[in-house]
Amino acid sequence: MDRPVLTVAELAARLGGSCEGDGTPVITGVAGIRDARPGEVAFVANLRYAGDVSVTRAAAVIVAKAWDRPSPAALIRVDNPDAAFAHAASLFAPPPVPDPPGIHPSAVIAPDAAVGEGVRIGPFVVVEPGARIGARTVLRAHVYVGHEAVVGEDCRLYPNVSIRERCRIGARVILHNGCVVGSDGFGYTADEKGVRTKIPQLGIVVIGDDVELGANVTVDRARFGKTVIGQGVKVDNLVQIAHNVVIGDHAVIVAQVGIAGSSSIGARAVLAGQVGISGHLEVGEGAIIGAQAGVSKDVPAGAMVLGSPAMPMDRAKRIHAYTMRLPEMREQLLGLVRRVAELERRLPPPA
Amino acid sequence: MDRPVLTVAELAARLGGSCEGDGTPVITGVAGIRDARPGEVAFVANLRYAGDVSVTRAAAVIVAKAWDRPSPAALIRVDNPDAAFAHAASLFAPPPVPDPPGIHPSAVIAPDAAVGEGVRIGPFVVVEPGARIGARTVLRAHVYVGHEAVVGEDCRLYPNVSIRERCRIGARVILHNGCVVGSDGFGYTADEKGVRTKIPQLGIVVIGDDVELGANVTVDRARFGKTVIGQGVKVDNLVQIAHNVVIGDHAVIVAQVGIAGSSSIGARAVLAGQVGISGHLEVGEGAIIGAQAGVSKDVPAGAMVLGSPAMPMDRAKRIHAYTMRLPEMREQLLGLVRRVAELERRLPPPA
Amino acid sequence: MDRPVLTVAELAARLGGSCEGDGTPVITGVAGIRDARPGEVAFVANLRYAGDVSVTRAAAVIVAKAWDRPSPAALIRVDNPDAAFAHAASLFAPPPVPDPPGIHPSAVIAPDAAVGEGVRIGPFVVVEPGARIGARTVLRAHVYVGHEAVVGEDCRLYPNVSIRERCRIGARVILHNGCVVGSDGFGYTADEKGVRTKIPQLGIVVIGDDVELGANVTVDRARFGKTVIGQGVKVDNLVQIAHNVVIGDHAVIVAQVGIAGSSSIGARAVLAGQVGISGHLEVGEGAIIGAQAGVSKDVPAGAMVLGSPAMPMDRAKRIHAYTMRLPEMREQLLGLVRRVAELERRLPPPA
């Protein structure tokens, strides 16, 4: 696939923007504002990087219409620099890795597995008996699909993904390398000596359409019934989702979050990085949980919480501000102790 | 394998419970109280879900003997609803995936590896020279067992588990997908410029009988000697266990915990989710570490600690309660400052 | 390879130390001070373990020159017990697993992939079209190297490592089991209903020479341009490195750290376990971030920070100390309230 040959002015036109400065250089690619070399185009959407524009070596910088700082590079003014840059990046991106349909001869596909049309199955893939793979789905090398598991159409499973038996994956789902779907939930009974006996984990995991799970994410199967990840949910790397958790549609779960057993996360909720959610809780629709928060009770719909234990974000910030002033409070307190003692000396109790 | 055909009344009898309401419907399966459809049986052990009983569509609900709420469903009264439901769930569970003995022809087993009787080895498994696999153990697809490593009898290793050289796994051990046993410990020397040189990690990992390690857990080999996971220890997903750590028998380690080098965890201790334990510490027998706690000094046997840095749980809760009242304290303090100034005005120091 | 037969006295000489006590026993191996059996040699560098020396069963203990505690074992006095023990451990260590050059017949190597001299490629390895593997590099079983990816010379990739397309790995890099390099960054646009659309992640990951990444580490490819891990960086298990992060040379990242998108970590910085770094931040050269800290703004070069949100370490410790004294402060405050009320009673405002 040939990449375009465009000048700065031509790129500006393609992006629906105006060009200011030298529009003649030929663009060879895109880069970050700090890394850009002559011939490359960069962008600035975040004011943090504004200072970098004045020293960039880029041929052109994509900026907002209101941009008013000097630049050695040509400026391409657009309504939405972020979106325009994404467009530019896609023009110059290397072509995606081809995934032509076909089954690698080394793959081990059970005779009774159902493999849809146009599927691509890479080397050393295992598809166990009774499993179904939807049309046009790509299973890269080393993927494992367990007994009677179902993977929908147009999915993409990267190397080392494993799906345990009977789990069900929707359409257009992307699972990154090392992601595990359907491992046993963490459930035991304990005797009086503290010796644990495993509780069979008899349920499954059900994943909706358009879900993306990051690298090395783990999703446990239900004790019974199902662990559910709703439509359009996006999960970052190294997240843990325990048995019987239910995640509402379009929720966003950032890296290294852990959600304990039987908790439910409302639709469109956002859990920032390293958040922990205790078991048997409800996080409401559209709630926002700040990074590293430890949620130990229900969170109402739309609430923003922070801290460990988590509390409403404005309260958490107020308490934090007061805490930062503790040395000053202690100083005031000691000053008062001295002044009150002096007053008491001057005004002794009646004899 | 045929699933049982049981009516509600027959199921109640099978569970040793009494039946109240319509005992005639045929049970088709089990489900959570909220998901249950006609023909399914649910249970309620946790009072949080009591309200759900009044609106359930289940044919029957398993409850404790003392249950006194109305229900549209039949009630099956038992001593222990949780255990009775587990029993019911196992009656209706799909049959477990069969693991008949045999070695898949694609597996690469070193000629001098010792493979016990009744072992099942899946596709693309690698067993390196000198390794030993105990009788009846199951190695699912893509498992890797390194040089001279030993896996005991009746173990179950899920896809993508890897065991590095010379590590030793006991009997009846379950290792979930992506679990890594015996990666190098994180040890370096640093020169005066901060350049690190790797310290060889010459030891191994020894795992006791009846241990279960979750998906994508990592256990590092010892610098020398051994990293030890005692008998019956249960470890949830995405836990990190560093070199030379020693975990006592029957300890429970919840998801995303990290234990730094050379620390020891006492028998039957419980570490809740996302806990961090610093290096070279001792956590005593039966200690309980609350979620997200950061343990930076030894924890006595039986202690309950919380917070980062961790402190005794009652103290942590007290300090937290006081912290929440800081705005009020500051208000009181400012009130006092005003009142003392007023007193000083009324009672000036003697001239 | 034969292991040495050395007496205690001979070992002392080999380590450049002096021998005190019985130098005649033959050493059979090394062990931790608590585990050591007769015939083994242990060491003590950390005073925490000093008490263990008096009861050790070791044949000899390596100690510092100034050591003055009694010991039933012979003492080997050296300048640096830690280094001397590492030397001793290497003398008695089992030989490393052999990695003779060669390509396992089961490996799937694209015809146009470039494989250097002396490379070892294990069973079920996949090397995709256009990839390059440097001389003497070892790819253990189940490794995946994506399209046009480059792995340098003398690297060691353990089982289940996967490198996505076009990523570039330097020389002498060690990647532990399950490590993922080049998974998609976590980037979406959201419409007004909260439905997310994936932003293509068009960049790559570039890893410098002499880097080591732990087991199940995840490193996302850049949105555009590159995610960079500098020379000599050491990363522990289960760390998450997001898209467009830049990590300076010789930085040290301990287990379970998460670094959000576009943040940069200065050279030789040290991030302790479970630290979280928010996106678009700069952590300066040589900065030290304490365990579990949550960094939400830039950290200057050389700074030491702690807490969530992170603050300078001495401030964090001071604030913590004050917080611990809150119950006492409240007590003092209530005492003052009583005393001021009493003073007001004795000195009523003028009528």
Side-chain angles (χ1 to χ4, degrees), chain A residues 106 108 124 126 128 142 144 146-148 160 162 164-166 178 180 183-184 186 188-189 193-196 198-200 202 216 218 220 223-226 238 240 242 244 256 258 260 274 276 278 280 292 294 296 308-309 311 318-319 322-323 325-326 329 332-333 336 339-340 342-343 346-347, chain B residues 30-32 35 46 48 82-83 85-86 89-90 92-94 97-98 104 106 122-124 140-142 158-160 174 176-178 212 214-216 232 234 236-238 250 252 254-256 267-268 273-274 286 291-292 308 320 323-324 326-327 329-330 333 336-337 340 343-344 347 349-350:
Chain A
S106 67
V108 172
F124 311 127
V126 175
E128 298 277 20
H142 303 123
Y144 175 86
H147 292 71
E148 298 170 28
N160 296 327
S162 51
R164 286 264 311 266
E165 66 273 15
R166 300 189 179 103
V180 175
S183 39
D184 284 356
F186 193 66
Y188 306 90
T189 56
K193 291 179 180 165
V195 175
R196 257 86 182 171
K198 184 174 177 68
I199 298 173
L202 304 168
N216 289 341
T218 59
D220 280 350
R223 179 179 166 191
F224 55 86
K226 45 192 197 267
L238 290 170
Q240 148 71 354
N244 293 91
Q256 295 177 318
Q274 298 184 332
S278 294
H280 294 273
Q292 293 190 326
S296 53
S308 180
M311 63 192 83
R318 217 163 102 247
I319 296 290
Y322 279 103
T323 306
R325 286 156 75 186
L326 268 174
M329 275 180 72
Q332 283 184 300
L333 188 60
L336 277 181
R339 286 158 69 187
V340 168
E342 169 64 16
L343 285 166
R346 282 189 241 149
L347 187 72
Chain B
V30 301
D35 299 332
N46 189 320
R48 279 183 74 91
D82 196 67
F85 184 78
S90 70
F92 293 98
V97 168
H104 193 276
S106 68
F124 310 126
R140 289 273 176 87
H142 303 123
Y158 284 99
N160 295 329
I174 300 171
H176 285 279
N177 309 52
E212 185 165 0
N216 288 343
K234 309 300 184 190
D236 200 353
N237 297 344
L238 290 171
H250 306 296
V252 172
V254 179
Q256 296 178 317
R268 289 174 302 285
Q274 298 184 331
Q292 293 190 326
S308 180
H320 177 70
T323 306
M324 290 303 101
L326 268 174
M329 275 178 73
R330 176 139 192 101
L333 189 60
L336 276 181
V337 167
V340 168
L343 284 167
E344 286 169 339
L347 189 72

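Chain letters run A, B, ... following the sequence lines, proteins first and then strands; every chain starts at 1.
Geometric assessment of B/R140 against the ring of A/Y144 yields a negative cation-pi assignment under the 6.0 Å and 45° thresholds.
For the pair B/H250 and A/G194, the tightest heavy-atom approach, listed with the atom from each and the gap, is CB-O, 3.6 Å. The minimum heavy-atom distance between B/N237 and A/S183, with the atom names listed, is ND2-OG, 4.0 Å. Pairing each heavy atom of A/V126 with each of B/P123, the nearest pair is CG2-CB, 3.8 Å. When all heavy atoms are compared, the tightest approach of B/Q292 to A/G276 is NE2-N, 3.6 Å.
Proximity to chain B (any heavy atom under 4.5 Å) is restricted, for A/F224, to the side chain, taken from C-beta onward. In this structure, no portion of A/E342 lies under 4.5 Å from any heavy atom of chain B. Looking at A/Q274, only its backbone comes within 4.5 Å of chain B, counting heavy atoms on both sides. Using a 4.5 Å cut-off between heavy atoms, A/L336 contacts chain B through its side chain alone, with no backbone atom that close. Proximity to chain B involves both the backbone and the side chain of A/D184, based on heavy atoms less than 4.5 angstrom apart. Only the side chain of A/Y188 comes within contact range of chain B, with heavy atoms under 4.5 Å apart. Heavy atoms closer than 4.5 Å to chain A are found in both the backbone and the side chain of B/A215.
Listed for the B/N216 side chain is no donor-acceptor partner under 3.5 Å among the backbone atoms of A/L238. For B/R330 (side chain) and A/Y322 (main-chain N/O), no donor-acceptor pair under 3.5 Å exists by modelled atom type. Using a distance-only test at 3.5 Å, with no hydrogens or angles considered, a donor-acceptor pair links the side chain of B/H142 to the main chain of A/F124.
Looking only at heavy-atom pairs under 4.5 Å with chain B, the residue among A/R339, A/Q332, A/H147 that has the most is A/R339. Among the candidates B/Q256, B/R268, B/H104, the residue making the largest number of heavy-atom pairs closer than 4.5 Å to chain A is B/Q256. Interface summary for chain B: among A/R318, A/E165, A/K198, A/E128, the most heavy-atom pairs under 4.5 angstrom belong to A/K198. Across B/D35, B/D236, B/V97, the residue that shares the most heavy-atom pairs under 4.5 angstrom with chain A is B/D236. Chosen from A/T189, A/D220, A/I199, A/L333, the residue pairing most often with chain B at heavy-atom distances under 4.5 Å is A/D220.
Atoms CD and CG, from B/E344 and A/L343 in turn, are 5.0 Å apart once rounded to the nearest 0.5 Å. If you take OG1 on A/T323 and CG on B/L326, they are separated by 5.0 Å, rounding to the nearest 0.5 Å. In this structure, B/E212 CD and A/R196 CZ are separated by 12.5 Å, a value rounded to the nearest 0.5 Å. Distance check: B/N177 CG to A/S162 OG gives 3.5 Å after rounding to the nearest 0.5 Å.
Using a 4.5 Å cut-off on side-chain heavy atoms (C-beta onward), B/F92 and A/L202 make no contact.
Open room surrounds NZ on A/K226; 12 or fewer heavy atoms of other groups in view lie less than 6.0 Å from it.
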